[in-house]
Amino acid sequence: MDLPAGSRRIAAWLAVLLLTAVAFEAAAHQSGESLLTLVLEDEVLNVQVDTLSRAPAVPAGTSATHAADDGANGQATHDDAAAIAAQVQGALQIDIADQSCERSTPHVKRRITDGQAHWLIRWQIRCELPVAGIRLSSRLYETDVPAHRLIGHFVHGPKSRPLVLTSADPAMLVTISRPAASDHLLRFVLEGMRHIAIGLDHILFVLTLLLTVVLTREHGHWRPAADGRSVLIASLKLVTAFTVAHSITLTLAGLHLFEPPGRLVESAIALSVLLVALNNIRPVFARPAWPVVFGFGLIHGFGFASVLADLKLPDSSLMLALASFNVGIEFGQLVIVVLTLPLLTWLRQSDSYARIVMPASSAAIAVAAAGWLIERIV
């Protein structure tokens with residue numbers, strides 16, 4: 001399925017940003033700069049510092065051999081990690097005004113980039129109230145490397161801004177405006193559309209239903225549906241049942257009220273595609289009745305919800321984000337129906353559609369679904 005032009009532009013911009021970030025990181029390490037990434041999610045500030053290979057990479061009183069004992073890439077030893085984190089956190093001041101905040105235990109990792117060792121330090125700062133502003137000041141390498149720069153970016157919702165701290169200008173204030181409701185709405189609508197576009201099992205489930213919605217079962221054989229109106233009514237029943245069902249379970253999982261194991265859900269989704277495809281070939285139901293589609297829709301809703309953890313739903317507008325994500329899914333699903341149903345309605349009049357096209361297509365989908373089922377069970 002081709003993505004809409006708007007989605008292609010978004011994907012292109014994401015690719016440009018990704019390539020820019022990679023080039024930016026490589027150039028930074030080659031020029032002796034350190035990288036800072038701040039990501040604010042609700043009241044949690046995620047901090048990541050990618051340091052030079054100079055001090056504090058080898059803490060005072062620690063030999064270079066000791067610091068490298070864990071290998072080229074891996075966890076620093078406990079003593080090294082504590083010393084490195086203490087020096088970096090002491091040199092990089094992150095103050096959130098008028099807030100009561102807790103700082104998590106830092107995670108330290110040693111890496112090799114372009115033949116040079118450097119350290120990756122991550123920690124979180126959690127505040128009780130919404131964050132309105134962040135004041136940064138850096139003393140990293142101010143004596144060893146006077147020209148050192150700490151560069152990076154601050155991410156908050158869909159917005160990002162650059163950060164630059166130098167010995168000549170070692171402090172800056174980052175003011176924060178709360179994302180508008182429309183920002184969350186657009187973001188999660190696009191995420192819902194994207195999830196449908198890349199969710200081949202969901203797409204094939206809908207297509208498998210549409211393959212026989214343009215037919216009727218008479219005397220043990222598939223026949224073309226009488227007219228386009230009956231096809232449209234049958235399609236609306238199935239799509240509505242599927243939509244209502246997956247909206248219910250998407251909401252339950254999004255609110256953390258009921259979250260079945262992911263492997264079980266993914267296996268059940270593959271099984272649902274397989275059973276509907278086999279029913280097209282050897283019907284148990286003349287068409288998958290809407291109660292059956294409703295039941296399968298409940299399973300698919302849990303599958304849609306599986307991506308929500310990665311999307312970091314904001315607590316302050318959880319229901320809006322859930323609704324927006326679901327709207328995106330419905331829009332993507334509607335695109336599939338609008339593009340496919342007129343073609344199948346036209347093809348149903350062909351003698352070969354019910355005898356060859358529909359069974360062959362269903363068989364191919366059944367084989368794919370069986371493969372997914374085996375892979376997900378094993």
- Counting only heavy atoms not in Trp372, do more than 12 fall under 6.0 Å of its CH2?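 Yes.
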- Do the rings of Phe302 and Phe258 sit parallel, tilted or perpendicular, given the 30° and 60° boundaries? perpendicular
- What is the ring orientation for Phe296 with Phe205, classed by angle as parallel under 30°, tilted 30 to 60°, or perpendicular over 60°?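 Taking Phe205 first and then Phe296, their aromatic rings stand perpendicular (interplane angle over 60°).
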[X] versus [Y]: any side-chain heavy-atom pair under 4.5 Å?
| X | Y | value |
| --- | --- | --- |
| Thr249 | Ile299 | no |
| Ser362 | Met358 | yes |
| Asn326 | Phe331 | no |
| Leu173 | Ile134 | no |

- Query: How far apart are the C-alpha atoms of Met193 and Ile329, what are their side-chain angles, what is the distance that settles it, and do they pass the side chain to side chain contact (heavy atoms under 4.5 Å, CB included) test?
  - Reply: CA-CA 5 Å; Met193 293 171 58; Ile329 289 174; over 6 Å; no
For [X] and [Y], indicate whether the former's side chain and the latter's backbone hold a donor-acceptor pair under 3.5 Å.
| X | Y | value |
| --- | --- | --- |
| Arg282 | Leu278 | no |
| Arg217 | Arg223 | no |
| Arg348 | Ala225 | yes |
| Asn280 | Thr208 | yes |
| Ser272 | Ile269 | yes |
| Ser350 | Leu347 | no |
| Ser104 | Gln124 | yes |
| Trp346 | Leu341 | no |

Flag yes if [X] and [Y] sit in one hydrophobic cluster, no otherwise; membership is Ile, Leu, Val, Met, Phe, Trp, Tyr, and two members link when side-chain heavy atoms are under 4.5 Å apart.
| X | Y | answer |
| --- | --- | --- |
| Leu200 | Val337 | yes |
| Val273 | Ile281 | no |
| Leu257 | Leu264 | no |
| Trp290 | Ile233 | no |
| Leu211 | Leu232 | no |

Kindly compute the distance separating [atom1] ([X]) from [atom2] ([Y]), expressed to the nearest 0.5 Å.
| X | Y | atom1 | atom2 | result |
| --- | --- | --- | --- | --- |
| Leu274 | Ser267 | CG | OG | 12.0 Å |
| Leu215 | Trp222 | CG | CH2 | 6.0 Å |
| Gln48 | Leu120 | CD | CG | 4.5 Å |
| Phe304 | Ser247 | CZ | OG | 9.0 Å |
| Ile336 | Leu209 | CD1 | CG | 11.0 Å |
| Ile125 | Trp123 | CD1 | CH2 | 7.0 Å |

For a quick test of reading the model, state the closest non-hydrogen atom pair linking [X] to [Y] and the distance between them.
| X | Y | answer |
| --- | --- | --- |
| Ile196 | Gly332 | CG2-C, 3.8 Å |
| Pro224 | Gln349 | CB-OE1, 4.3 Å |
| Leu36 | Val47 | CD1-CG1, 4.1 Å |
| Tyr353 | Leu210 | OH-O, 4.5 Å |
| Leu322 | Leu250 | CD2-O, 4.0 Å |
| Leu92 | Ser138 | CD1-CB, 4.2 Å |

- Hey, are Asp201 and Arg376 close enough for a salt bridge, meaning a charged N less than 4.0 Å from a carboxylate O?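 Salt bridge flag = yes for Arg376 with Asp201.
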- Message: Do His256 and Glu259 pair up side chain to side chain, a donor and an acceptor below 3.5 Å, judged on atom types alone?
- Response: yes
- Steps toward side chain to side chain contact (heavy atoms under 4.5 Å, CB included) verdict (Trp119, Ile121): CA-CA 6 Å; Trp119 299 94; Ile121 303 100; 4.0 Å; yes
- Message: Under the criterion side chain to side chain contact (heavy atoms under 4.5 Å, CB included), I'd like the reasoning laid out for Leu136 against Gln93: C-alpha separation, chi angles, the key distance, then a yes or no.
- Response: CA-CA 6 Å; Leu136 306 173; Gln93 296 295 318; over 6 Å; no
- Can you check side chain to side chain contact (heavy atoms under 4.5 Å, CB included) on Val335 and Val338, steps first, answer last? CA-CA 5 Å; Val335 169; Val338 169; 5.9 Å; no
- Query: Are Phe242 and His246 an aromatic pair by the rule of ring centers under 6.0 Å?
  - Reply: yes
